[in-house]
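Everything on this sheet refers to the single structure shown next.
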Amino acid sequence: MKFIVAGAGLAGLNAAWELTKAGHTVEVFESNNRVGGRCWSEVLSNGEVIEHGGEFIDVNDHTIRRLCAEFGLPIVSLGIMFDRRWQVDGTIMSPAELAENIRKLTEAAERLVGTRGYRVSLREVAREAYGPDYADLPYCQKLFATTTCDPDKINGIAVARMFQGHSQDYIEHRGRVMAGNDAVAKEIHRRIGDIVRFDTPIVDVTQTDAGVQFTSAAGDVFHGDRAVIAVPLPKLKKLIGSLELPPFMRTAIDGRVMGAAAKLNVVVSGETPPRGMQAPNAPWWSWSTESKQGYVARGALTVYAGGKATMDSLHLEDGGSHWLQQTRNYRTDLDVSDDYILTNWETNPHTQGAYSMPGLDWHPEQDGIFDQAAGKIAFAGEHTHFASLNGALESGARAAKLLTLI
Ligand SMILES: Cc1cc2nc3c(=O)[nH]c(=O)nc-3n(C[C@H](O)[C@H](O)[C@H](O)COP(=O)(O)OP(=O)(O)OC[C@H]3O[C@@H](n4cnc5c(N)ncnc54)[C@H](O)[C@@H]3O)c2cc1C
């Protein structure tokens with residue numbers, strides 16, 4: 001059988017690999033000139049590997065960890081705590097306080113379901129959970145930054161349910177692929193062979209009894225018996241056009257919200273321990289992770305801002321110099337150089353955002369909606385499963401399985 005795949009991020013690549021392993025003919029179409037999408041690594045001038053996009057590999061991210069084991073790619077510990085960040089006054093949330101914050105969030109969400117139903121924003125859930133000063137609470141600042149979207153426009157019940165259980169099984173020790181997370185994408189690409197057509201954005205999809213047809217921006221037409229669509233959410237919304245979809249699938253896609261985020265990766269020096277630290281009175285943070293030798297931070301500081309409002313406050317239009325100065329002002333533990341890379345995902349033409357969250361109109365009936373195919377098409381990508389590197393890989397494997405079972 002012939003399969004066509006749109007998008008060569010982790011989702012599309014993993015779908016293509018599973019299909020190739022099952023003996024099918026596969027062709028992948030990618031708008032960019034590289035594989036990996038939002039999994040994109042680079043080396044700073046001092047040799048430190050940094051991530052433009054997806055970075056933290058959780059302890060429970062078994063699919064990416066299994067692939068790394070299979071590919072012989074070591075995952076090194078970051079040596080910092082993602083959920084428990086240092087404040088500039090030298091305090092840090094205890095594990096018990098973190099558990100309490102998560103418990104309050106999830107209980108507030110379920111209370112609101114009882115009184116209001118499911119159409120409740122993340123801001124409303126946060127206010128219900130933590131009271132009128134919710135926005136000053138470090139946990140809440142982390143929550144708003146990590147979800148990358150306007151807290152008035154995403155569903156607080158869905159977000160709270162994502163974190164349910166973390167209060168009991170919270171474990172740190174997240175990691176990164178030592179060679180760069182995109183080594184996973186590059187290795188899948190190497191194994192599937194020369195089947196990715198770069199610089200080929202797909203702009204139209206049609207489905208007939210005979211199969212599926214992709215049309216590229218250049219007007220070329222590609223046919224497959226079946227297809228996987230693994231392009232980012234804003235691109236998908238345009239592509240689905242008049243395609244016939246199962247009940248609730250279109251509302252799940254239309255209602256989902258793409259977030260915005262930016263990163264500044266800076267060359268730093270200083271014999272300090274690795275540390276993730278919240279900016280003073282601001283919802284962005286920075287981290288220096290453990291060197292290969294351990295205990296001492298490596299020579300790279302990553303600064304992260306999630307959400308358009310926060311990004312606007314940092315005046316990214318100046319190329320990052322204001323943000324760099326703000327960082328230097330509070331990361332006095334490190335010697336922060338002028339040598340940096342700014343990545344603004346909001347303006348990236350291939351993704352048009354960072355990653356996605358369920359919109360205000362989310363309803364539980366949308367959960368698991370992508371566990372079915374839309375005729376001969378299956379959808380993959382973080383927006384169809386979980387907004388992570390691991391989630392993208394799993395969604396690709398799911399899409400391949402769905403299409404080979406029908
Ligand atoms: C700033 C940032 C920080 C993050 N942090 C983490 C983290 O710490 N941990 C974690 O696990 N995850 C993190 N993520 C999320 C993670 O990176 C993504 O969930 C994952 O990489 C998405 O993979 P994907 O295959 O769904 O999409 P993508 O990687 O975006 O792949 C989709 C591909 O489709 C291509 N494309 C677009 N339009 C078309 C078209 N019309 N035709 C053909 N191809 C097209 C794109 O160029 C792209 O290559 C982060 C993401 C960002 C942006």
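This chain uses plain numbering: 1 for the first residue, then up along the sequence. One-based numbering, in listed order, for ligands and for the atoms of each.
Between the side chains of R176 and S41, not a single donor N or O lies within less than 3.5 Å of an accepting N or O. In this model, a donor atom of one side chain and an acceptor atom of the other lie less than 3.5 Å apart for T63 and E394. A donor and an acceptor atom, one from each side chain of E55 and W287, are located under 3.5 Å apart.
Considering backbone and side-chain N/O atoms, L389 comes within less than 3.5 Å of an N/O atom of ligand 1. Of the N or O atoms in Y355, none lie within a sub-3.5 Å distance of an N or O in ligand 1. In terms of polar-atom proximity, defined here as any N/O pair under 3.5 Å, P232 makes no such contact with ligand 1. In terms of N/O distances under 3.5 Å, ligand 1 is not approached by V203. For ligand 1, none of its N or O atoms has an N or O atom of H52 under 3.5 Å away. Checked by distance only, ligand 1 and L10 come closer than 3.5 Å through their nitrogen or oxygen atoms.
Remark: among candidates A392, A387, G53, G396, the nearest residue to atom 24 (P) of ligand 1 is A392, based on non-hydrogen atoms. Across A11, G353, S388, heavy-atom proximity to atom 25 (O) of ligand 1 is greatest for A11. Atom 30 (O) of ligand 1 has its nearest heavy-atom neighbour, among R34, E382, R38, K235, in R38. Heavy-atom proximity to atom 36 (N) of ligand 1, evaluated over S31, A217, A15, P349, is greatest for S31. Between F386, W40, F82, F56, it is F56 that holds the heavy atom closest to atom 8 (O) of ligand 1. The closest non-hydrogen atom to atom 32 (C) of ligand 1, taken over A230, G7, G36, A262, comes from A230.
Short contacts between ligand 1 and H350, defined as distances under 4.0 Å to a heavy atom of the residue, involve ligand atoms 37 (C), 38 (N), 46 (C), 47 (O).
Scanning for salt bridge (charged side-chain N to carboxylate O under 4.0 Å, His left out) contacts around K237 gives an empty result, with sequence neighbours left out.
Figure legend: K142 and F163 shown as a cation-pi pair, the cationic atom lying under 6.0 angstrom from the six-membered ring centre and within 45 degrees of its axis.
We find the OG-CG distance between S395 and L10 to be 9.0 Å, quoted to the nearest 0.5 Å.
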